[in-house]
Amino acid sequence: MTPDRIREEAAKLGPWFHNLTLHGVQTAPEHALGDYPASVWQYFGHALPQDLSGKSVLDIGCNAGFFSIEMKRRGAARVLGVDSDPRYLDQARFAARVLGLDIEYRELSVYDVGALGERFDVVLFMGVLYHLRHPLLALDLLREHVVGDLLVFQSMQRGPREVEPAQEDYPFAAEEQFARPGWPRLHFIEHRYAGDVTNWWIPNRAGAEAMLRNAGFEILQNPDREIYLCRPAALPYGSAAVYPARGVR
């Protein structure tokens, strides 16, 4: 396509949340967050494998496909992007077509990842957690069904940055720990946050890290403020309370 044709088609699919550069044409040049998500990618892209030859990648909440594109550019044999919003998927398919990249996209909720029936070498879970009414269930399902080797996790965080070690147990009368800045928290948004009705739960740093561990992930790196590279680990005692795919026992 010519730049004019790309610009025309991109405008029909707008507005765009991902500012992609398609043969010199930007899809969201006036983005409120600047050159997003390239502005985020620059802080953690170096921490991911540079060569993904032969690897499979699942991009959950792929939006217009920025991260899917980057994974394919690193040589991933298979890249599957899923999102629950068909408008974003139309944008992602258009971008892949313009760039000549073989990327598959499907309309799928994170709660339905078990239906994929396969594990992926790399799973991207970027900017999704705080849009979910049931965030810990989503992490449980990722651990159970799709994460084969590496989980790349990002969530908006609010509140104190302190993290304090948790004891194995607390007496019933103990209350003071709940007021400490380093206690894991999920902040519930009853109405809207940043004008977005889909913002439900926002963790503090301690909360994000505790949820990852409790869902059965070991944190390998924290290359940027809100980004974690994790791998599957043994499930801690008492976790995995809800696994619909396992049926009645």
Side-chain angles (χ1 to χ4, degrees), residues 1-29 31 35-42 44-128 141-142 145-154 227 229-232:
M1 289 186 181
T2 65
D4 286 343
R5 177 68 182 281
I6 294 172
R7 192 173 292 108
E8 177 185 347
E9 294 299 319
K12 292 178 182 178
L13 293 169
W16 294 66
F17 186 66
H18 280 186
N19 184 35
L20 307 179
T21 301
L22 306 178
H23 297 312
V25 177
Q26 291 188 317
T27 58
H31 201 298
D35 189 13
Y36 182 87
S39 57
V40 176
W41 173 247
Q42 65 177 324
F44 77 95
H46 66 277
L48 301 183
Q50 298 298 308
D51 184 2
L52 292 171
S53 298
K55 303 295 185 181
S56 60
V57 177
L58 174 64
D59 185 2
I60 299 173
C62 62
N63 203 280
F66 177 92
F67 297 112
S68 294
I69 290 169
E70 293 300 326
M71 295 296 97
K72 195 65 181 179
R73 284 173 170 165
R74 293 194 178 188
R78 179 172 182 235
V79 178
L80 170 61
V82 299
D83 204 291
S84 60
D85 191 327
R87 181 172 60 90
Y88 289 144
L89 294 173
D90 287 342
Q91 294 175 351
R93 292 184 180 114
F94 169 74
R97 186 169 68 253
V98 169
L99 296 174
L101 297 176
D102 182 15
I103 302 174
E104 180 185 357
Y105 290 105
R106 296 188 200 175
E107 186 175 342
L108 188 77
S109 164
V110 63
Y111 303 118
D112 295 324
V113 292
L116 294 173
E118 62 180 300
R119 292 190 179 274
F120 295 78
D121 297 304
V122 180
V123 174
L124 303 173
F125 192 55
M126 306 284 297
V128 179
L141 293 171
L142 297 189
H145 295 292
V146 293
V147 178
D149 183 43
L150 183 66
L151 171 69
V152 184
F153 170 87
Q154 185 272 336
I227 295 169
L229 273 57
C230 311
R231 67 182 176 195

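For the single chain, residues carry numbers from 1 onward in sequence order. Basis for what follows: all heavy atoms, side chains included, without hydrogens, waters or symmetry-related copies.
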task = Give the ring-plane orientation class for F66 versus H18, where under 30° counts as parallel, over 60° as perpendicular and anything between as tilted.
result = perpendicular
inquiry  = Just verifying a value: how many Å separate I69 CD1 and W41 CH2, rounded to the nearest 0.5 Å?
reply    = 11.5 Å
message = Could you measure the distance from the CG atom of D90 to the CG atom of D85? Nearest 0.5 Å is fine.
response = 9.0 Å
Cationic N near anionic O, under 4.0 Å, R78 to E118 = yes
task = May I ask you to say whether K12 pairs ionically with E8, meaning some side-chain N is under 4.0 Å from a carboxylate O?
result = yes
query = Would you say the side chain of V82 lies within less than 4.5 Å of the side chain of L80, judging by non-hydrogen atoms?
reply = yes
request  = For V147 and R119, work out which heavy atoms get closest and say how close.
outcome  = O-NH1, 2.8 Å
key: D51 side chain reached by R74 side chain, heavy atoms, under 4.5 Å   = no
key: Value rounded to 0.5 Å, distance of NZ in K72 from CD in E104   = 10.5 Å
ask   = Looking only at heavy atoms, what is the nearest atom pair of D121 and D149, with distance?
value = O-CB, 3.3 Å
query = If you measure from CE on M71 to CZ on R73, what distance do you get to the nearest 0.5 Å?
reply = 11.0 Å
ask   = Can you tell if the side chain of F125 reaches within under 4.5 Å of the side chain of L151, non-hydrogen atoms only?
value = yes
task = Specify whether Y36 and H31 have parallel, tilted or perpendicular ring planes, treating 30° as the upper limit for parallel and 60° as the lower limit for perpendicular.
result = tilted
key: Stepwise side chain to side chain contact (heavy atoms under 4.5 Å, CB included) test for T21 and D35   = CA-CA 10 Å; T21 301; D35 189 13; 5.5 Å; no
query = Between F44 and M126, is any pair of side-chain heavy atoms under 4.5 Å apart?
reply = yes
inquiry  = As an exercise, state the distance from SG of C62 to OH of Y88, rounded to the nearest 0.5 Å.
reply    = 10.5 Å
inquiry  = With rounding to the nearest 0.5 angstrom, report the CZ to CG distance, R106 to D83.
reply    = 14.0 Å
inquiry  = So which atom in A76 and which in V57 form the shortest heavy-atom distance, rounded to 0.1 Å?
reply    = CB-CG2, 3.9 Å
